[in-house]
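Here the structure comes first, spelled out in structure tokens, and everything after it is commentary.
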Amino acid sequence: MASAPVLTPRSQDFPRWYQDVLAKAELADNGPVRGTMVIRPYGYAIWERIQAEIDGRIKALGVSNAYFPLFIPESYLHKEAEHVEGFSPELAVVTHGGGKELEEPIVVRPTSETVINSYFAKWIQSHRDLPMLLNQWANVVRWELRPRLFLRTTEFLWQEGHTAHGTEAEARAFALRVLDEVYRETMVEVLAVPVLTGRKTARERFAGADTTWTCEGMMGDGKALQMGTSHELGQNFARVFDITFLDETGAQAYAWQTSWGASTRLMGALVMAHGDDAGLRVPPRLAPVQAVVLVVRAEEATVEAARRVAAELAAAGVRVETDDKVDSSFGRRVVGWELKGVPLRVEMGPRDLAKGEAVLVRRHDGTKEPVALGALVPAVLDALEATQASMLEEATAFRLDRTVAVASVEEAVEAAAEGFATLPLAALGPDGETRANQAGVSVRCLVGPDGGPPAAGEDEAALVAVLGRAY
RNA sequence: CGGGGAGUAGCGCAGCCUGGCAGCGCACCUGCUUUGGGAGCAGGAGGUCGCGGGUUCAAAUCCCGCCUCCCCGACCA
């Protein structure tokens, strides 16, 4: 029974396909105010899983969660020159409260360096107070010119980590640990997105940072997405917020700081890195629902058997749901679960039961296999593992296939139409970045000769620039 | 902010040129038959035609002004 495609085909119109997926997988809707977003229950369930994975890794580094206010005195933003310059154009400012005009305008946080550091100044007195390692889960507001659900919304959810250290070396090491052990690991191991990690150029780095480290993913259309950043703030904020401490020798010193964040943009990355023409595909380690037990027909024995199977799977640690909504047709329900990207379906009908089997269907590649009921639990566990691995392999192969080593900016611009271009930093030259930018291509990050983040003291001439079009 | 599209039922659209009962597909409700890849038939419900003004006996349609959304670009997590 042929029918119209469920979604706009990805190859036909990628942005349209993206929006179709968000709508039909019930991830998000536009909010009533331009650029705002409603995250629907299924989308939020995925976000909560992302949060849990990131939060656990943050805490493993010894960081504690805290919460700072949404409102920031405007004057705070002005203390750090580059910071205010970077964020001023996109601030939402509150000028009235309680029916009266405010004496000092209040800014809705675009990020929280300023408030948090004003408290760090209070809390840090001695080298014994260091390192101070805090994180908060919060919403922030940036008045973006061109909003796009999950990728660039006026209000978005994220975590922002803020730390203070006694030495530059310690701060740098911490920023890099976050980049690797929190972000890269979550993105690669959980989201199955093989991100590149590297350093931002001066032009691309965070407003107020000395160095910005980034995770860059390749989306299904070959464009790059910045999925998380970790900044070395040097002593820039310490100087303006007066974060000083007495070191072991009794000398007064400014703290060295980092900040780092990852946001609901990761939801966009998930869709664009793994989605296909049938909808979303969620990697098993991330999926809020890893398997759905699908009752084909409404027969009592089938429903009972399905419930039993679901209970066994749940007992084995699988996040499982039972679909016995047989007042919808089988085909409709299948399409619904495919749109949502649930990794596995266990289909159970009277024919299967007669044989003592169920049909195990993998969303990742569409393969179906009959499995004896007694062997279902291990089969599901295996299929989840295999799917996770295949998704990462597939995304990695895609990125490699779309990455070209080039020798000039012109070649890089050409290659960026399809994906990434790698260009020796020496060949980029002093004005190469500008020329690439004019062609709609940016330097996503600088990597060392081995492809990872450049090591401390690495010869700049040996670095490689990764260029691409970006979201 | 520059360029390009579009606002008509929950979603997708036709109608507009040439003014004359506001329509189609999907979704929704009821009933029956169905259910192994978006079921079929029958009967229903649902509308400030983006907003404001103007022309006219009469405006979704013509005129003026405004607003919003989407896509491409510059900015960004």
Side-chain angles (χ1 to χ4, degrees), chain A residues 1-8 13-20 23-24 29-35 85-91 110-111 138-160 183 200 203-207 212 214-217 223-231 259-269 278-279 294-299 302 323-339 345 347-354 357-359 361 366 368 370 437-442 469-471:
Chain A
M1 212 180 310
S3 57
V6 178
L7 302 164
T8 304
D13 184 344
F14 195 86
R16 179 71 181 267
W17 165 85
Y18 176 76
Q19 292 188 124
D20 282 359
K24 298 218 170 170
D29 259 341
N30 279 304
V33 171
R34 175 185 160 78
E85 193 185 319
F87 282 105
S88 281
E90 50 193 64
L91 292 181
T111 180
N139 58 341
V140 287
V141 169
R142 298 180 187 178
W143 218 261
E144 298 290 353
L145 299 177
R146 200 180 125 211
R148 198 157 181 213
L149 280 178
F150 285 127
L151 301 177
R152 195 188 308 103
T153 46
T154 299
E155 177 191 6
F156 58 91
L157 306 183
W158 75 344
Q159 59 66 220
E160 49 178 321
Y183 297 148
K200 284 291 189 188
R203 180 183 306 227
E204 301 280 337
R205 80 185 163 218
F206 178 74
T212 289
T214 181
C215 292
E216 299 284 326
K223 288 172 79 170
L225 184 71
Q226 180 173 310
M227 291 171 61
T229 48
S230 182
H231 316 291
S259 72
W260 24 279
S263 73
T264 36
R265 176 179 273 188
L266 292 174
M267 296 289 296
L294 202 57
V295 175
V296 175
R297 297 169 67 114
E299 275 142 27
T302 315
D323 179 354
D324 59 358
K325 298 187 184 69
V326 286
D327 48 349
S328 287
S329 75
F330 175 73
R332 173 164 298 272
R333 288 180 290 139
V334 165
V335 167
W337 290 112
E338 285 183 346
L339 281 166
R345 294 198 306 275
E347 299 179 351
M348 298 182 67
R351 275 185 233 156
D352 308 304
L353 273 188
E357 292 177 347
V359 178
V361 189
K368 303 180 182 189
N437 285 177
Q438 281 162 354
V441 173
S442 55
R469 292 170 303 138
Y471 277 96

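Letters go in sequence order (proteins before strands), and every chain restarts at 1. Scope of the values below: all heavy atoms of this structure, side chains included, with no hydrogens, waters or symmetry mates. No experiment lies behind these values; they were computed from the predicted model shown.
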Using the six-membered ring wherever Trp is involved, compare the ring planes of A:Y183 and A:W260 and label them parallel, tilted or perpendicular (cut-offs 30° and 60°). perpendicular
Please compare A:S329 and A:P15 by the position of their nearest nucleotide in RNA chain B and report the one closer to 5'. A:S329
As an exercise, state the distance from CE of A:M227 to CG of A:L266, rounded to the nearest 0.5 Å. 5.0 Å
Name the nucleic acid region contacted by A:S328, choosing base, sugar-phosphate or nothing; use a 4.0 angstrom heavy-atom cut-off, strictly under. base
Salt-bridged, A:E338 to A:K24, with N to O below 4.0 Å? no
By nearest atom, which of the nucleotides B:U35, B:A27, B:A77 is closest to the A:F330 side chain? B:U35
Roughly how far apart, to the nearest Å, are B:A39 and B:U34 at atom P? 16 Å
Tell me whether the side-chain N or O atoms of A:K368 pair up with the base of B:G37 as donor and acceptor below 3.5 Å, since no angle test is needed here. yes
Test applied, side-chain contact (heavy atoms from CB on, under 4.5 Å); reference residue, A:T302; option that passes from A:L353, A:D324, A:D352, A:V296: A:L353
Spacing of A:Y18 atom OH relative to B:C70 atom C1', expressed in whole Å: 15 Å
Does atom CD of A:E85 have more than 12 heavy-atom neighbours, drawn from other residues, nucleotides or ligands, at distances under 6.0 Å? no
Centroid under 5.5 Å and tilt under 30°, A:F156 to B:A77: yes
Any donor-acceptor N/O pair under 3.5 Å between B:C75 base and A:R203 side chain: no
Paired to B:A6 by Watson-Crick or G-U wobble criteria (both distances under 3.5 Å) is B:U68
Using a cut-off of 4.0 Å on non-hydrogen atoms, how would the nucleic acid contact of A:T153 be classed: base, sugar-phosphate, or nothing? base
Across the strands shown, which category fits A:E144 at heavy-atom distances under 4.0 angstrom: base, sugar-phosphate, nothing? base
Whichever of A:G261 and A:V359 has the more 5' nearest nucleotide on RNA chain B, that residue is A:V359
Distance check, C1' atoms only: B:G12 and B:A27, in whole angstrom units. 11 Å
May I have the distance from A:R469 (atom CZ) to B:A74 (atom C1'), rounded to whole angstrom? 16 Å
Using atom CG of A:N30 as one end and atom P of B:G7 as the other, report the distance to the nearest whole Å. 18 Å
Assign A:D352 to base, sugar-phosphate, or nothing according to its heavy-atom contacts below 4.0 angstrom with the strands shown. base
When rounded to the nearest Å, what value does the distance between C1' atoms of B:C17 and B:C63 take? 15 Å
For the P atoms, the ones on B:A22 and on B:G50, what distance do you get once it is rounded to whole angstrom? 15 Å
Looking only at atom P, what distance separates B:G65 and B:G19, rounded to whole Å? 22 Å
Give, for atom NZ of A:K200 and atom CD of A:Q226, the distance between the pair rounded to the nearest 0.5 Å. 4.0 Å
Is A:P89 touching bases, backbone alone, or none of the nucleic acid, heavy atoms closer than 4.0 Å? nothing
Rounded to whole Å, how long is the line connecting atom NE2 of A:H231 with atom P of B:A77? 6 Å
Checking only heavy atoms, does the side chain of A:R345 share a donor-acceptor pair with the base of B:G37 at less than 3.5 Å? yes
Using atom C1' of each nucleotide, how far apart are B:C26 and B:A9 to the nearest Å? 12 Å
What is the distance, to the nearest angstrom, from the CD atom on A:E347 to the C1' atom on B:G36? 8 Å
What nucleotide among B:G37, B:A77, B:C70 has an atom nearest to a side-chain atom of A:Q19? B:C70
C1' gap between B:U56 and B:U61, integer Å: 13 Å
Would you indicate what A:R142 reaches in the nucleic acid, counting non-hydrogen atoms under 4.0 angstrom: base, sugar-phosphate, or nothing? base
Tell me: OH of A:Y471 to C1' of B:C71, nearest whole Å? 12 Å
Using a 4.0 Å heavy-atom cut-off across all strands, classify A:G440 as base, sugar-phosphate, or nothing. sugar-phosphate
Rounded to the Å, how far apart are A:W143 CH2 and B:A77 P? 18 Å
Same-atom distance (C1') from B:A74 to B:G3, integer angstrom: 12 Å
Do the rings of A:F156 and A:W158 sit parallel, tilted or perpendicular, given the 30° and 60° boundaries? perpendicular
Atom CZ of A:R333 to atom P of B:U34: distance rounded to whole Å? 17 Å
